[in-house]
Amino acid sequence: ERLAALGYRTAFSGKWHQGSQAPSRPLDRGFESSYGLLDGCCNFFDPAQPDPDFKGGRVRVFCDGEERVTEFPEDYYTTDAFTERAVERIEAFGAEGAPFFLYLPYTAPHYPLHARPEDIASQEGRYDVGWEEIARARFERQLELGLFEEGTVPAPMEREVTSWETAQHKEWQADRMEVYAAMVTSMDDGVGEVLAALERAGVAEDTLVLFLSDNGACAELPGGERPERIPGPKEHYVTCGPGWAWAQNTPFRRYKQWVHQGGVATPLVARWPAGIKPGTLTREPGHIIDLLPTFLELAGAGALPEELDGESLAPVLAGGERSSPPEWGWLWSGNRAYRRGAWKISWEKKWKRWELYNIEADPTEAKDLSEVHPELTEELAGLWESWRTRTRKRG
C-alpha cells in the first residue's frame, strides 16, 4: 500500500496466510497482481487436495487474482509455479521501466514433505548419519564462517528428541530429511531464476533482494510418527519431526511456536550490488517489523509514519549499526518473550516461569540467569505485560 502510493508496481506470488476473504487478501492490501495460496500450507503437487490431518479434510484456498483455482496440471508443483509467476512479473515490470515491489513467500519447506523425484535423488544418503552428526557438522561450519564466536555453546538436545542410535525406522527418518532438503533445493533453484530475471531486466544492480525465514524449524507432528506415510509423493502427508527440526535449528533452543531463539532467530540474506558490499556479515539484530520502514526509507518516502513500531535497517545494510538497541515482545500460543538490548526473557507455557538470557554473550540461550538477576527479570516481565496490553488495544 505504501509503496504503491509512491509509484511502485506491486506483485505477490506464494503463500499469504493473512486471510482469504476481503479486506485481508493481497489484492485488498496494495498488490495489483496476486497468485498463490491464501492459507498456511497445502499439497505441493495438488493444492486442491484436502489435508488428511485436518478435521473434515479441509480444502485450501488458492487464487489467481480474484479467481479461485481448484484444478491444477498433472506436472504442477507450487514452488516452481510461484517462481514462474514471479519471473513473469519481473519481466513485465522491467519492460515498463517502473520501480517495483515483489513479495515471493515460498511455502517450502513447510510440510507436507513433497518434492520432485529428481530433487530427492540428489540428496540420497546424505542424512543417513543421523541428526546428531548433522547438528555437530553444521555447528562446526557455522563457527568456520564466523556466524558465531568461538566459545558459543550450542543448546542441548531437546527433550522431544531421541538419540539417533535408539531412533526407530532410521531409513524412513533419513528419507524425511532428504525430501526436506530436496524442497529447499527446488526453492534455491527458484531464487536463482528470480536473480537471473533481474539480470535480464537490467535492474539487478539497483534491486534490493532480501531472503529470510518466517520462524525456526518445525517440530510439529500433526499426523504423528507414521512410517507408512512415504515422504515425497503427493499421496502422503509427512512432517520432518523434532529430531531433524532440532538439527535444522542448530545451535538454538526450541523450535517454531516457541519464542526461544530456535523459534524467532532466523538468518537474513541481503543482495544489493549498488548498496551492499559483497561479503558483509553483521550480527546486528532486526525484526520483521523493521522491513516496512527500511523499504520506505530506501524508496525515498521522506519522514517515516510515527505509528510504525519498526526501525529502518538501512544503516545495517550499509555495514553500520541500528540507531537504537532492539526492544521487542513476542507472544505465540502461550509462549512469551521480551528483549531489550542484550537481555531477553523467555517463558515456556508448560513451565510457567520467566528465564533470563544475555543474548549477545549467550545467543543460544544455554544459561538461564533469572536467579542471578531477579530484579532485571522482573523489570523485563513488566515491560512484556505493558507491551501485551498496548498491542491488544491496537488489535
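Side chains are part of it too, since the values below use all heavy atoms of this structure and drop only hydrogens, waters and symmetry mates.
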Can you confirm whether [X] sits close enough to [Y] that some side-chain heavy atom of one is under 4.5 Å from a side-chain heavy atom of the other?
X	Y	result
Glu378	Trp354	no
Pro52	Tyr237	yes
Pro326	Glu284	no
Glu225	Pro242	yes
Trp131	Val161	yes
Arg200	Val87	yes
Glu158	Arg253	yes
Trp328	Ile289	yes

Verify the neighbour count for atom [atom1] of [X]: are there more than 12 heavy atoms of other residues, nucleotides or ligands below 6.0 Å?
X	atom1	answer
Glu71	CD	no
Gln21	CD	no
Arg271	CZ	yes
Arg136	CZ	yes
Glu228	CD	yes

Between [X] and [Y], do the side chains contain an N or O donor and an N or O acceptor separated by less than 3.5 Å?
X	Y	answer
Arg353	Ser370	yes
Thr250	Gln142	no
Thr364	Gln261	no
Thr389	Ser386	no
Glu311	Ser324	yes

>> Test of understanding: with side-chain contact (heavy atoms from CB on, under 4.5 Å), list the residues that count as partners of Thr266, not counting sequence neighbours.
In response: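 For Thr266 the side-chain contact (heavy atoms from CB on, under 4.5 Å) partners, ignoring immediate neighbours, are Ser213.
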> Out of Phe72, Phe44, Phe45, which residue meets the side-chain contact (heavy atoms from CB on, under 4.5 Å) rule with Thr78?
Replying inline: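 Exactly one pass, corresponding to Phe44.
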Is the side chain of [X] donor-acceptor paired with the backbone N or O of [Y] at a distance under 3.5 Å, no angle test?
X	Y	answer
Asn249	Phe252	no
His260	Gly262	no
Asp362	Ala366	yes
Lys170	Glu165	yes
Lys352	Lys349	yes
Trp172	Arg229	yes
Thr10	Gly30	yes
Asp128	Ala174	no
Trp384	Trp330	yes
Asp119	Arg116	no

Using a strict 4.0 Å threshold on nitrogen-to-oxygen distance, state whether [X] and [Y] make a salt bridge.
X	Y	result
Glu67	Arg25	no
Glu348	Arg336	no
Glu355	Lys344	no

If you look at every heavy atom in [X] and [Y], which pair is closest and at what distance?
X	Y	value
Cys63	Arg68	SG-CA, 4.0 Å
His114	Lys234	NE2-CA, 3.7 Å
Tyr127	Ala181	OH-CB, 3.4 Å
Leu356	His373	CD2-CB, 3.6 Å
Tyr180	Cys240	CD1-CB, 4.3 Å
Gly286	Arg322	CA-NH1, 3.9 Å

> Hey, which of Gln49, His236, Glu235, Arg60 is the one that makes side-chain hydrogen bond (donor to acceptor under 3.5 Å, both in side chains) with Asn43?
Replying inline: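 Going through the options one by one, the only one that passes is Gln49.
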> Picking from Glu220, Gln248, Glu160, what satisfies side-chain hydrogen bond (donor to acceptor under 3.5 Å, both in side chains) with Tyr255?
Replying inline: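 With Tyr255 as partner, Glu220, Gln248, Glu160 yield a single side-chain hydrogen bond (donor to acceptor under 3.5 Å, both in side chains), made by Glu160.
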>> The test is ring-ring contact (aromatic ring centres under 6.0 Å, His included); show your working for Phe101 and Tyr8 and say whether it passes.
In response: CA-CA 7 Å; Phe101 174 74; Tyr8 276 67; 8.0 Å; no
>> With clusters defined by side-chain heavy atoms of hydrophobic residues (ILVMFWY) lying less than 4.5 Å apart, directly or transitively, does Leu268 cluster with Val194?
In response: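 No; tracing contacts between hydrophobic side chains, which count when under 4.5 Å, never links both residues.
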> Taking a hydrophobic cluster as the set of Ile, Leu, Val, Met, Phe, Trp and Tyr residues connected by side-chain heavy atoms closer than 4.5 Å, whether directly or through intermediates, do Leu104 and Phe100 fall within one such cluster?
Replying inline: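 Yes, same cluster.
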Honestly, is [X] close enough over [Y], meaning NZ or CZ under 6.0 Å from the six-membered ring centre and within 45° of the axis?
X	Y	value
Arg85	Tyr35	yes
Lys277	Trp272	no
Arg340	Tyr338	no

Hey, can you tell me if [X] and [Y] have their rings parallel, tilted or perpendicular (30° and 60° cut-offs)?
X	Y	value
Trp164	Trp244	tilted
Phe82	Tyr106	tilted
Phe12	Trp16	perpendicular

> Distance from His110 atom NE2 to Thr239 atom OG1, nearest 0.5 Å?
Replying inline: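 Answer for the NE2-OG1 pair, His110 versus Thr239, is 10.0 Å.
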>> Let's go through Arg2 and Glu307 carefully: what are the C-alpha distance in whole Å and the side-chain angles of both, what is the deciding distance for salt bridge (Lys or Arg N to Asp or Glu O under 4.0 Å) to 0.1 Å, and is it a yes or a no?
In response: CA-CA 13 Å; Arg2 299 277 188 178; Glu307 69 269 21; 2.8 Å; yes
>> Quick one, Glu178 with Arg126, criterion salt bridge (Lys or Arg N to Asp or Glu O under 4.0 Å). Give me CA distance, side-chain angles, the key distance, then yes/no.
In response: CA-CA 7 Å; Glu178 286 180 9; Arg126 183 167 293 180; over 6 Å; no
